[in-house]
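Hydrogens, waters and symmetry mates play no part in the numbers below; they use all other heavy atoms, side chains included.
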Amino acid sequence: MFQTAAYSGTKTEQYSLVNKQLEALLAGETNQIANLSNASALLGQFLPRINWAGFYLNDGKELVLGPFQGLPACVRIPFGKGVCGTAAAERKTMRIEDVHAFPGHIACDAASRSEIVVPLMKNGELLGVLDIDSPETNRFDEEDEKGLVHFAETLVRFL
């Protein structure tokens, strides 16, 4: 049974622990929706000072809303539009200090000020993106990026 826990130690140690928890949650489960749901719930309780954590999935034409934690969100995002669509089109992680300074930012939640988006890649194919928003500017640093890229790589093994 999973219980909410306070994370301690360095940020690197905390990300290491959350990745171990992710592996334990997903071990033996093959359903993509179940795994994405548990991954977003885990991030929602792990990351302080965020207002949205979830996934947009590649349907072959655009990104479509997947499992998430937070307020209702935009359902469809074209490739190349907003932070999520740009990260998907360029197949690269995007860490945005101030979303209002990002050209073409799509404001699904008006409270969001910073964002990090990590593409979910498997065998060279884009499955979707991990998207995390915060109501604080410059919420995500290099350690968060490194930890969330590793989280995404771990998750993809179970998709």
Side-chain angles (χ1 to χ4, degrees), residues 2-70 73-74 77-97 99 102 106 108 112 114-134 138-159:
F2 193 85
Q3 296 179 0
T4 301
Y7 292 85
S8 61
T10 67
K11 194 181 277 193
T12 300
E13 291 168 339
Q14 291 177 31
Y15 273 107
S16 177
L17 176 58
V18 81
N19 270 290
K20 289 176 186 171
Q21 290 176 323
L22 179 66
E23 287 186 19
L25 273 173
L26 306 186
E29 182 54 62
T30 59
N31 183 277
Q32 178 175 312
I33 297 299
N35 288 340
L36 291 169
S37 296
N38 270 334
S40 64
L42 182 60
L43 286 173
Q45 69 86 37
F46 166 67
L47 290 169
R49 306 178 338 269
I50 65 166
N51 59 324
W52 205 90
F55 301 94
Y56 281 92
L57 305 175
N58 180 2
D59 77 350
K61 297 178 280 186
E62 61 193 345
L63 294 173
V64 179
L65 182 64
F68 68 93
Q69 300 287 307
C74 305
I77 298 176
F79 294 117
K81 300 292 183 187
V83 180
C84 288
T86 302
E90 296 181 8
R91 308 307 200 253
K92 73 175 192 176
T93 298
M94 302 197 71
R95 181 168 38 102
I96 308 301
E97 293 179 5
V99 294
F102 187 87
I106 300 169
C108 294
S112 294
S114 61
E115 183 172 9
I116 187 165
V117 179
V118 181
L120 302 174
M121 303 294 299
K122 187 169 190 173
N123 301 323
E125 297 294 319
L126 176 73
L127 301 179
V129 298
L130 164 60
D131 178 25
I132 305 172
D133 296 353
S134 173
N138 202 23
R139 159 63 183 85
F140 306 102
D141 61 20
E142 288 180 30
E143 280 189 275
D144 290 304
E145 182 174 338
K146 187 176 178 181
L148 291 167
V149 166
H150 185 235
F151 186 93
E153 291 167 349
T154 300
L155 173 61
V156 164
R157 294 194 339 251
F158 296 91
L159 299 179

Tyr7 vs Pro48 side-chain heavy atoms within contact, under 4.5 Å: no
Side-chain heavy atoms of Leu130 within contact of Leu155, under 4.5 Å: no
Non-hydrogen side-chain atoms of Met94 and Glu115 separated by less than 4.5 Å: no
Whether Asn58 side chain and Gly128 backbone form a donor-acceptor pair below 3.5 Å: no
Atom pair CD (Glu153) and CE (Met121), whose distance is rounded to the nearest 0.5 Å: 11.5 Å
Worked check of side chain to side chain contact (heavy atoms under 4.5 Å, CB included) between Val129 and Phe55: CA-CA 6 Å; Val129 298; Phe55 301 94; over 6 Å; no
Taking every non-hydrogen atom, the tightest pair across Pro67 and Leu36: CG-CB, 3.7 Å
Stepwise side chain to side chain contact (heavy atoms under 4.5 Å, CB included) test for Ile116 and Glu145: CA-CA 8 Å; Ile116 187 165; Glu145 182 174 338; 3.9 Å; yes
Pairwise side-chain contact, Arg139 with Leu47, heavy-atom cut-off 4.5 Å (strictly under): yes
Non-hydrogen atoms of Tyr56 and Cys74 that approach each other most closely: OH-O, 2.8 Å
Candidate pair Arg157 and Glu23, rule side chain to side chain contact (heavy atoms under 4.5 Å, CB included), full reasoning: CA-CA 9 Å; Arg157 294 194 339 251; Glu23 287 186 19; 3.4 Å; yes
Nearest-0.5 Å distance that lies between atom CG in Leu42 and atom CG in Asn35: 12.0 Å
Stepwise side chain to side chain contact (heavy atoms under 4.5 Å, CB included) test for Thr154 and Leu26: CA-CA 10 Å; Thr154 300; Leu26 306 186; over 6 Å; no
More than 12 heavy atoms of other groups within 6.0 Å of Lys20 NZ: no
Non-hydrogen atoms of Ile132 and Ile50 that approach each other most closely: CG2-CG2, 3.8 Å
Any donor-acceptor pair under 3.5 Å from Asn19 side chain to Ser16 backbone: no
Heavy atoms from other residues, nucleotides or ligands near CD of Glu97 exceed 12 (cutoff 6.0 Å): no
Minimum heavy-atom distance between Ser114 and Asn138, given as atom pair plus value: CB-N, 3.7 Å
Check: Phe46 ring centre within less than 6.0 Å of Tyr15 ring centre: yes
Point-to-point distance, once rounded to the nearest 0.5 Å, from SG of Cys84 to CG of Leu63: 7.0 Å
Steps toward salt bridge (Lys or Arg N to Asp or Glu O under 4.0 Å) verdict (Lys81, Glu62): CA-CA 10 Å; Lys81 300 292 183 187; Glu62 61 193 345; over 6 Å; no
Shortest non-hydrogen contact between Ser40 and Ala53, atoms and distance: CB-O, 3.6 Å
Residues Lys11, Glu143: salt bridge by 4.0 Å N-O rule: no
From Thr12 atom OG1 to Leu17 atom CG, the distance as rounded to the nearest 0.5 Å: 12.5 Å
Residue pair Asp131 / Phe68, side-chain heavy-atom distance below 4.5 Å: no
Nearest non-hydrogen partners of Phe79 and Ala88, listed with the distance: CD2-CB, 3.8 Å
Gap between atom CG of Leu126 and atom CD of Glu90 - 0.5 Å precision: 12.0 Å
Pairwise distance CG(Leu127) to CG(Leu159) - rounded to 0.5 angstrom: 6.0 Å
